[in-house]
Trainee: 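Mind having a look at this structure? Questions to follow.
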Amino acid sequence: MEYYETLILAIPAFVANMMPVITAKMRIAEKLNSPIDGGRTIKNKRILGNNKTWRGLVSAVMGACVVSVIQYLWYSITASAQSDLWIYSSIARAIFFGSITGVLVIAGDAMGSVIKRQLNIQSGRPFIPLDQTDYMILFLAGTNFIVSWSGNQVVFLLVFALLANTLSNITAYALGIKNTYW
Ligand code: CTP
Ligand code: MG
């Protein structure tokens, strides 16, 4: 598989990872803005913390589904319809791929938060390179039964995620969109 196809398959995951930040910034669906861990703790430390919300989960699933369906439509309209990529073979498969991608991205991101909380790193404080890659690790592991990622693809997407997230955070900080550079 070509590297551009690898990136195309990962776009729903990149978008899913961005959705919680966008919906939080725009203050959409405030009712869903409550912590997934409900305030519960492990060893007197919050499991996830206040920054992992139901709004983040719902928006990530919706965002990944929208992108997957657009990709499916694109592949069925253009000549590339012969694509052997499984997710593009039907709209139901595109929605399935989008849904599990959204859940996997948020679960991976949440696993990163569990580790940070147990290490006494406060919500929103940086933990590089886990912050930039946790969602990608679970996305790759959880979609492997569909995509059968090669070793090269795994390394490529992890490095890409690390660089892309670092660059976009620094850019957003420089433009005044984000308050922190991580
Ligand atoms: N967010 C959310 N729900 C999620 C994930 C993220 O609402 N499940 C929103 C929160 O507003 C969060 C922001 O997206 O502050 C940025 O997410 P992220 O960087 O992943 O979280 P942190 O604030 O760094 O928190 P943590 O230390 O737990 O990683
Ligand atoms: Mg973070």
Side-chain angles (χ1 to χ4, degrees), residues 7 9-69 95-144 154 156-182:
L7 273 184
L9 275 173
I11 292 176
F14 291 124
V15 171
N17 185 49
M18 283 160 42
M19 289 299 292
V21 186
I22 296 168
T23 47
K25 183 92 190 166
M26 295 175 75
R27 300 208 171 91
I28 296 170
E30 286 289 356
K31 272 192 179 161
L32 290 173
N33 183 22
S34 63
I36 296 173
D37 70 8
R40 280 182 278 274
T41 56
I42 297 175
K43 294 188 189 159
N44 280 330
K45 291 156 190 163
R46 281 290 291 275
I47 302 176
L48 300 174
N50 284 338
N51 291 0
K52 302 293 131 123
T53 68
W54 292 109
R55 172 168 65 191
L57 174 63
V58 172
S59 64
V61 170
M62 287 172 61
C65 282
V66 168
V67 174
S68 297
V69 168
I95 292 171
F96 174 70
F97 185 78
S99 307
I100 64 166
T101 295
V103 172
L104 287 167
V105 161
I106 293 303
D109 182 48
M111 276 170 45
S113 295
V114 172
I115 295 169
K116 287 168 74 175
R117 297 301 87 80
Q118 291 302 313
L119 293 174
N120 288 322
I121 301 170
Q122 283 176 16
S123 288
R125 298 295 303 168
F127 186 21
I128 302 165
L130 190 69
D131 285 332
Q132 291 74 22
T133 50
D134 48 15
Y135 73 95
M136 186 55 75
I137 294 170
L138 217 68
F139 166 71
L140 289 167
T143 54
N144 197 49
V154 169
F156 172 70
L157 282 177
L158 286 177
V159 172
F160 191 93
L162 184 60
L163 297 179
N165 290 305
T166 305
L167 260 181
S168 62
N169 288 341
I170 292 173
T171 308
Y173 175 71
L175 295 175
I177 300 168
K178 279 191 67 172
N179 300 326
T180 57
Y181 60 83
W182 58 82

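When a ligand or atom number is given, it counts from 1 through the structure's own listing order.
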Trainee: Who gets closest to atom 18 (P) of ligand 1 by heavy atom: Met19, Arg46, Lys52, Lys25?
Mentor: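 Looking at heavy atoms only, Lys52 sits closest to atom 18 (P) of ligand 1.
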
Trainee: With Arg55, which residues qualify under salt bridge (Lys or Arg N to Asp or Glu O under 4.0 Å), at least two apart?
Mentor: Glu30

Trainee: Taking Lys52 as the fixed residue, which of Asp109, Asp37, Asp134 is the one that meets the salt bridge (Lys or Arg N to Asp or Glu O under 4.0 Å) rule?
Mentor: Asp109

Trainee: So Val105 and Leu138, do their side chains get closer than 4.5 Å, heavy atoms only?
Mentor: no

Trainee: Does the side chain of Arg117 come within less than 4.5 Å of Ile47's, by heavy atoms?
Mentor: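 Contact flag for Ile47/Arg117 side chains = no.
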
Trainee: For the side chain of Lys116 and the backbone of Arg125, is there at least one donor-acceptor N/O pair under 3.5 Å apart?
Mentor: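 Yes.
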
Trainee: Are the side chains of Ile106 and Pro20 in contact, using a 4.5 Å heavy-atom criterion?
Mentor: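 Of all side-chain heavy-atom pairs linking Ile106 with Pro20, at least one is under 4.5 Å.
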
Trainee: Regarding ligand 1, does Ser123 bring an N or O atom to under 3.5 Å of one of the ligand's N or O atoms?
Mentor: no

Trainee: Could you walk me through whether Leu7 and Leu157 pass the side chain to side chain contact (heavy atoms under 4.5 Å, CB included) test, one step at a time?
Mentor: CA-CA 7 Å; Leu7 273 184; Leu157 282 177; 4.1 Å; yes

Trainee: Using heavy atoms and a 4.0 Å limit, tell me yes or no: is Gly112 in contact with ligand 1?
Mentor: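 Checking ligand 1 against Gly112, which is what was asked, there is no heavy-atom contact under 4.0 Å.
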
Trainee: Check this for me - ligand 1, Ser113, N or O atoms closer than 3.5 angstrom, yes or no?
Mentor: yes

Trainee: For atom 12 (C) of ligand 1, state which one of Thr53, Asn51, Ile36 supplies the nearest heavy atom.
Mentor: Asn51

Trainee: At a 4.0 Å threshold, what atoms of ligand 1 neighbour a non-hydrogen atom of Arg117?
Mentor: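 Selected atoms, number and element: 26 (P), 27 (O), 28 (O).
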
Trainee: Is Lys116 close to ligand 1, meaning an N/O of one under 3.5 Å from an N/O of the other?
Mentor: yes

Trainee: So, regarding Gly124 and ligand 1 (criterion: nitrogen or oxygen to nitrogen or oxygen, under 3.5 Å), is there a contact or not?
Mentor: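 So ligand 1 has an N or O lying under 3.5 Å from an N or O of Gly124.
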
Trainee: At under 4.0 Å between heavy atoms, is it the side chain or the backbone of Asp109 that contacts ligand 1, or both, or neither?
Mentor: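 It is the side chain that touches ligand 1; the backbone stays farther off.
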
Trainee: Counting each atom of ligand 1 from 1 as listed, which ones have a heavy atom of Ala24 under 4.0 Å away?
Mentor: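 That gives atoms 11 (O) of ligand 1.
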
Trainee: With a 4.0 Å heavy-atom cut-off (strictly under), which part of Arg55 contacts ligand 1: side chain, backbone, both or neither?
Mentor: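 Looking at Arg55 and ligand 1, no heavy atom falls under 4.0 Å.
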
Trainee: Could you go step by step and tell me if Leu158 and Ile137 meet the side chain to side chain contact (heavy atoms under 4.5 Å, CB included) rule?
Mentor: CA-CA 7 Å; Leu158 286 177; Ile137 294 170; 3.8 Å; yes

Trainee: Find all atoms of ligand 1 within a distance of less than 4.0 Å from any non-hydrogen atom belonging to Val21, and give their numbers and elements.
Mentor: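 Per the distance check, 14 (O), 16 (C).
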
